[in-house]
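Structure record follows, encoded as structure tokens.
As the structure is a computational prediction, the values presented were derived from the model and not from experiment. Chain letters run A, B, ... following the sequence lines, proteins first, then strands; residues in each count from 1.
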2 protein chains.
Amino acid sequence: MKKDVVTIADVARHAGVSVSTVSYVLSGKRSISATTSARVRASIRALGFHPHAGARSLASNRSSIIALVLPLRQGMHLPVLMQFATAVVTSARANDHDVLLVTADEGPAGLRRVAAGAIVDGLVLMDVEMHDPRVPTLRQLDRPSVLIGLPVDSSGLTCVDLDFHQAGAICVQHLAGLGHRRVALLGAPQVVYERDTGFAHRTRDGFMQTAQLLGLDAHTQPCEEDAATVMSTVTALLGRAPGLTGLVVHNEAAVAHVLDALRSLGKRVPEDISLVAICPDELAERSHPRLSSVQIPADDVGRRAVDLLMAKLDQREVPPITLLAPVLTSRTSTGPWTAR
Amino acid sequence: MKKDVVTIADVARHAGVSVSTVSYVLSGKRSISATTSARVRASIRALGFHPHAGARSLASNRSSIIALVLPLRQGMHLPVLMQFATAVVTSARANDHDVLLVTADEGPAGLRRVAAGAIVDGLVLMDVEMHDPRVPTLRQLDRPSVLIGLPVDSSGLTCVDLDFHQAGAICVQHLAGLGHRRVALLGAPQVVYERDTGFAHRTRDGFMQTAQLLGLDAHTQPCEEDAATVMSTVTALLGRAPGLTGLVVHNEAAVAHVLDALRSLGKRVPEDISLVAICPDELAERSHPRLSSVQIPADDVGRRAVDLLMAKLDQREVPPITLLAPVLTSRTSTGPWTAR
DNA sequence: CTAGGTCGTCGAAGCGCTTCGACAGAAATG
DNA sequence: CATTTCTGTCGAAGCGCTTCGACGACCTAG
């Protein structure tokens with residue numbers, strides 16, 4: 001077998017200093033003379049010393065590990081998910097932390113396990129739902145956490161999410177810039193507006209305010225998610241707003257149905273009607289035509305989440321809600337329009 | 001603030017036993033009377049005790065965490081990757097271990113960091129290449145590890161991989177079952193056969209042996225990966241083996257070119273020629289027509305890898321190489337054939 | 001009836017690190 | 001020049017857990 005693990009005491013002996021001095025060299029929490037520091041570092045390298053994570057965590061009550069809680073079921077947003085995860089891991093490493101993977105399937109119990117056992121210093125939760133069952137648990141945990149997504153009741157939490165108000169706004173700006181003068185927003189189902197207030201309202205407000213500002217004729221309309229209802233909703237909308245040429249769809253599940261409806265009504269996209277979706281890139285890329293869409297800037301969100309968590313770990317104050325600027329990717333579902 | 005963390009001493013006091021007794025109740029390493037055990041458990045629940053991971057790891061030299069080392073760059077095999085990861089995490093949890101995510105970008109240094117610091121008890125590496133730079137490092141680490149994939153020099157390692165011999169065999173069986181009598185294998189580029197021996201040869205052997213066994217007329221042919229060379233290779237092959245109706249392609253990069261070549265030679269798939277690929281499902285699904293293909297059983301592989309790692313952690317002997325049965329998914333690129 | 005086992009429990013010695021208080025000696029202050 | 005303030009370093013006390021050896025109490029077999 002190998003000789004035993006190299007400990008900090010070995011390093012101290014080798015460098016001719018005390019154990020605490022080595023520790024301070026490593027942590028920088030007290031000033032150490034340049035010469036001593038250099039000698040210690042040399043010994044560390046010479047012996048191949050790696051501090052024992054467990055011992056460190058026991059003594060300092062800090063593990064330098066954060067939990068990344070995500071849904072591992074095979075969904076369709078894999079690429080987006082991966083982008084988040086990559087950003088989180090990269091940022092964590094940049095802050096000298098490792099990442100423990102916790103699946104959402106474990107539910108609240110999983111959070112409790114890793115937090116209470118002091119396995120992790122803090123948590124980043126992805127795929128947070130409006131009424132997420134993990135949220136109450138999170139509140140009573142004594143570890144800091146950051147959510148990606150915005151639950152209905154976000155009090156006492158730190159959240160990062162897309163700025164939906166801004167998302168509504170840039171959709172309008174995009175259409176207006178192409179010359180469209182009469183636009184509409186097809187939003188979430190009615191029930192969402194009534195109950196899970198939040199992102200749906202924010203998008204709608206951004207849409208309406210900006211349309212008004214730009215002097216557009218704007219309509220909004222909740223939108224159910226089954227093909228038949230979508231069909232009648234779209235038909236009604238076109239009747240109500242003849243000459244409508246710009247459409248924003250903020251409803252992932254309904255997007256395909258809307259496209260079908262337009263097609264069967266004889267409206268071509270983008271020749272007759274330009275369509276912008278607020279949805280994952282994946283979906284936008286898969287549709288025909290490929291949709292101009294507003295997407296979540298995953299890299300940004302991931303990095304921001306980790307930054308916020310680090311701040312909380314350092315006891316710094318952080319804003320409860322961080323909203324990130326949406327990005328509109330122009331594809332082939334929108335085009336210029338001039339009165340004909 | 002909250003009252004301090006509940007320690008094992010608190011539990012012991014509450015239950016009226018010694019600290020060591022509580023520890024033994026938890027670990028089961030010494031027999032404890034049923035009544036004592038029950039009392040201790042009740043106290044644990046009553047106080048909400050969670051053992052401190054760091055303390056445990058320091059004292060026992062076991063962290064109950066394994067590392068999952070994977071490439072987080074956005075590749076095209078995301079779904080496959082995810083399937084692996086999911087399987088690994090699930091199996092790890094089933095064995096009471098957590099999973100630390102380490103990105104392959106960190107290279108050998110990353111392995112050293114998590115292993116030497118005793119952050120993890122062992123490692124599972126994904127996406128292992130033939131000449132993987134992490135392999136030498138792995139050998140000198142004192143932590144056990146399992147590789148998913150088979151490097152050229154696997155001595156001293158534990159690997160899990162697809163059984164390529166069997167993969168070659170079931171491709172032939174599939175074609176033979178459909179009535180094909182003259183078949184060919186388009187394999188890896190020549191240079192791969194010469195140098196990175198291993199999976200390429202294994203597939204070819206499986207293919208040939210089975211063809212012989214079934215009395216088929218079988219040909220094999222290395223295959224480069226650029227469109228032009230593929231074109232001439234396919235043309236030559238059809239000249240050499242007129243009446244060829246079954247083709248197996250074991251070359252991810254060349255698959256698309258092969259399809260193009262067949263098309264431009266006036267051969268329809270599957271009407272004139274049936275084609276089976278050995279490639280990720282992703283690719284098979286994306287091609288036109290969708291390819292009948294042999295794919296890696298990711299769930300199985302992931303689970304197996306963890307099982308092997310657990311065995312090694314328990315000092316049990318494990319086979320150096322575990323080969324898993326390939327699965328052939330029949331899609332629309334293969335069809336029955338009868339002499340015309 | 002006694003020598004030798006088992007069983008169930010306890011006490012104490014670490015595991016390797018961080019951090020607090022102490023303290024010489026040097027530098028700055030009056 | 002006396003006194004205070006830094007600087008740089010050390011020793012030792014934990015952090016919460018596992019595990020080893022010890023030890024009564026009880027059983028069994030000769």
Side-chain angles (χ1 to χ4, degrees), chain A residues 3-41 43-44 47-65 96 115-121 142 313, chain B residues 3-41 43-44 47-65 96 115-121 142 313:
Chain A
K3 52 187 167 190
D4 271 10
V5 163
V6 180
T7 76
I8 199 174
D10 299 329
V11 175
R13 205 170 309 121
H14 186 273
V17 298
S18 76
V19 163
S20 46
T21 300
V22 176
S23 179
Y24 286 126
V25 166
L26 250 25
S27 71
K29 295 198 175 175
R30 283 199 184 173
S31 56
I32 297 286
S33 72
T35 57
T36 304
S37 174
R39 196 146 34 89
V40 168
R41 278 175 211 292
S43 297
I44 288 176
L47 301 179
F49 167 70
H50 285 266
H52 188 286
R56 178 170 272 194
S57 134
L58 176 56
S60 69
N61 210 23
R62 288 289 224 103
S63 68
S64 290
I65 300 180
D96 249 304
I119 302 179
V120 302
D121 294 339
D142 54 344
L313 286 174
Chain B
K3 53 189 165 191
D4 271 10
V5 162
V6 180
T7 76
I8 198 174
D10 299 329
V11 174
R13 204 170 311 122
H14 187 273
V17 298
S18 77
V19 164
S20 47
T21 299
V22 177
S23 179
Y24 286 124
V25 167
L26 250 24
S27 70
K29 295 198 176 175
R30 282 199 184 173
S31 54
I32 297 287
S33 72
T35 58
T36 305
S37 175
R39 196 146 34 89
V40 168
R41 279 176 210 292
S43 298
I44 288 176
L47 300 179
F49 167 70
H50 286 266
H52 187 287
R56 177 169 273 193
S57 136
L58 176 56
S60 69
N61 212 23
R62 287 293 222 104
S63 68
S64 290
I65 299 180
D96 249 304
I119 302 179
V120 302
D121 294 339
D142 55 344
L313 286 173

Return the value, rounded to whole Å, for the distance between atom [atom1] of [X] and atom [atom2] of [N].
{"X": "B/I8", "N": "D/dT19", "atom1": "CD1", "atom2": "P", "result": "11 Å"}
{"X": "A/R56", "N": "C/dT19", "atom1": "CZ", "atom2": "C1'", "result": "13 Å"}
{"X": "A/R13", "N": "C/dC17", "atom1": "CZ", "atom2": "P", "result": "12 Å"}
{"X": "A/R62", "N": "D/dC15", "atom1": "CZ", "atom2": "P", "result": "19 Å"}
{"X": "A/H52", "N": "C/dC15", "atom1": "NE2", "atom2": "P", "result": "11 Å"}

Distance check, rounded to the nearest 0.5 Å: [X] atom [atom1] versus [Y] atom [atom2]?
{"X": "B/L58", "Y": "B/S63", "atom1": "CG", "atom2": "OG", "answer": "12.0 Å"}
{"X": "A/I8", "Y": "A/I44", "atom1": "CD1", "atom2": "CD1", "answer": "7.5 Å"}
{"X": "A/I32", "Y": "A/S20", "atom1": "CD1", "atom2": "OG", "answer": "8.0 Å"}

key: Close residues, residues 24-31 of chain A, relative to DNA chain D [heavy-atom separation under 4.0 Å]   = A/Y24, A/R30, A/S31
Look at the side chain of [X] and decide which nucleotide, out of [options], has an atom nearest to it.
{"X": "B/S33", "options": "D/dC17, C/dG8, D/dG8", "value": "C/dG8"}
{"X": "A/T36", "options": "D/dG16, C/dC17, D/dT9", "value": "D/dT9"}
{"X": "A/T21", "options": "D/dT9, D/dT19, C/dC15", "value": "D/dT9"}

Salt bridge (Lys or Arg N to Asp or Glu O under 4.0 Å): pairs with one or both residues in residues 52-64 of chain B, sequence neighbours excluded = B/R62-B/D121, B/R62-B/D314
ask   = Would you say the base of C/dG11 and the side-chain of B/S20 have a donor-acceptor pair closer than 3.5 Å?
value = yes
inquiry  = At 4.0 Å (heavy atoms only), tell me whether A/S23 reaches a base, stays on the sugar-phosphate, or touches nothing.
reply    = base
query = Using a cut-off of 4.0 Å on non-hydrogen atoms, how would the nucleic acid contact of A/V19 be classed: base, sugar-phosphate, or nothing?
reply = base
query = In chain order, what residues pass the side-chain hydrogen bond (donor to acceptor under 3.5 Å, both in side chains) check against A/S43, with sequence neighbours excluded?
reply = A/H14
